[in-house]
Amino acid sequence: MLPQESRLTVQWDAEMIQLVAAKPLTCLSSAVVGGGVQHAVRIINRHVDKQYDALDPTKEINEWLAARGIPQEGTVVLLTAADLTLGSEQTAETPTFGLRAWVTAGIGNAARAGQKGPTFREPSFGMPGTINILLLIEGPSLQPRWWAG
């Protein structure tokens, strides 16, 4: 469904899920690096240790990218302590619409909004988990787009 010039390359291992498009796609993201609305050719969902607490996460992420030879420009980086090998990839297509989703979830520290109970600020409860969702949405009236958060 993706036009040939927008095809994706997917690298998925224990360190990261990396999606690379052949040309920039519009991206809306809540990521630390590359967040907001921009044109991106690469989205990375990077595994970090559960105790990750960089004083300057943008600097640390950019150093991590440089050490791997990954360009900073056009790159969006999400962080998760979730086990990436347990993530899921799903695809749904019709003749006029395509949706691909990559999802990881760190739920070892789950809480339900509105319920009384431990909060993320209590030291005994630990740090909050993440649910990262990468979506590629395409259709005849849309240029292919990514949403990541």
Side-chain angles (χ1 to χ4, degrees), residues 1-114 120 125-149:
M1 176 94 196
L2 257 180
Q4 189 63 36
E5 66 275 9
S6 300
R7 293 286 173 200
L8 287 180
T9 301
V10 179
Q11 173 196 341
W12 191 332
D13 55 38
E15 182 182 31
M16 72 176 117
I17 300 170
Q18 180 176 210
L19 312 176
V20 181
K23 70 174 195 171
L25 301 177
T26 302
C27 180
L28 170 64
S29 173
S30 62
V32 174
V33 168
V37 178
Q38 69 161 310
H39 286 87
V41 294
R42 178 180 291 101
I43 295 182
I44 296 172
N45 189 11
R46 174 186 163 205
H47 181 266
V48 295
D49 184 84
K50 288 183 181 183
Q51 304 308 316
Y52 179 88
D53 190 20
L55 292 175
D56 185 347
T58 299
K59 180 181 178 197
E60 187 279 327
I61 292 167
N62 286 333
E63 290 170 352
W64 179 87
L65 290 168
R68 284 153 186 78
I70 300 171
Q72 293 176 20
E73 186 173 337
T75 298
V76 173
V77 182
L78 298 158
L79 302 176
T80 184
D83 182 346
L84 295 181
T85 65
L86 300 176
S88 177
E89 177 181 4
Q90 299 295 316
T91 301
E93 290 187 333
T94 71
T96 60
F97 179 80
L99 174 68
R100 288 180 73 182
W102 297 264
V103 179
T104 59
I107 58 170
N109 174 359
R112 177 176 264 169
F120 295 127
F125 195 71
M127 296 295 290
T130 58
I131 299 175
N132 286 350
I133 302 171
L134 311 176
L135 295 175
L136 176 65
I137 303 170
E138 54 183 328
S141 63
L142 294 172
Q143 292 295 321
R145 300 181 191 284
W146 281 341
W147 277 265

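All heavy atoms count here, side chains included; hydrogens, waters and symmetry mates do not.
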For the CG atom of Leu134 and the CD1 atom of Ile43, what is their distance to the nearest 0.5 Å?
6.0 Å
So does Leu84 get a backbone contact from the side chain of Trp12, meaning a donor-acceptor N/O pair under 3.5 Å?
yes
Check Gln38 against Thr75 and note the closest heavy-atom contact, atom names and distance.
NE2-O, 4.2 Å
Quick one: CD1 on Ile17 to CG on Asn132, what's the gap to the nearest 0.5 Å?
8.5 Å
Closest approach of Ser29 and Gly34, non-hydrogen atoms and distance?
CB-O, 4.2 Å
The reported gap from CD1 in Ile133 to OG in Ser30 (rounded to nearest 0.5 angstrom) is 10.0 Å
Answer yes or no: is there a side-chain heavy-atom contact under 4.5 Å between Val77 and Val32?
no
Check: Thr91/Glu93 side-chain N/O donor and acceptor closer than 3.5 Å:
no
Testing the basics here: between Ala54 and Glu60, what is the closest heavy-atom pair and its distance to 0.1 Å?
CB-CB, 4.1 Å
In Å and rounded to the nearest 0.5 Å, what is the CG to CD1 distance from Leu78 to Ile44?
9.5 Å
How far apart are the closest heavy atoms of Pro71 and Arg42, and which atoms are they?
CD-NH1, 3.6 Å
Would you say the side chain of Val10 lies within less than 4.5 Å of the side chain of Arg100, judging by non-hydrogen atoms?
yes
Can you see which heavy atom on His39 is nearest to which on Pro24, and at what distance?
CB-CB, 3.9 Å
Measure the CD1-CD distance between Ile70 and Gln18 for me, rounded to the nearest 0.5 Å.
4.5 Å
Here's a test for you: under side chain to side chain contact (heavy atoms under 4.5 Å, CB included), which of Ile61, Val33, Thr80 qualifies with Arg46?
Ile61
Going from OG1 on Thr104 to CG on Asn45, what distance comes out if it is rounded to the nearest 0.5 angstrom?
4.0 Å
Of all heavy-atom pairs between Ala40 and Val76, which one has the smallest distance, and what is that distance?
CB-CG2, 3.9 Å
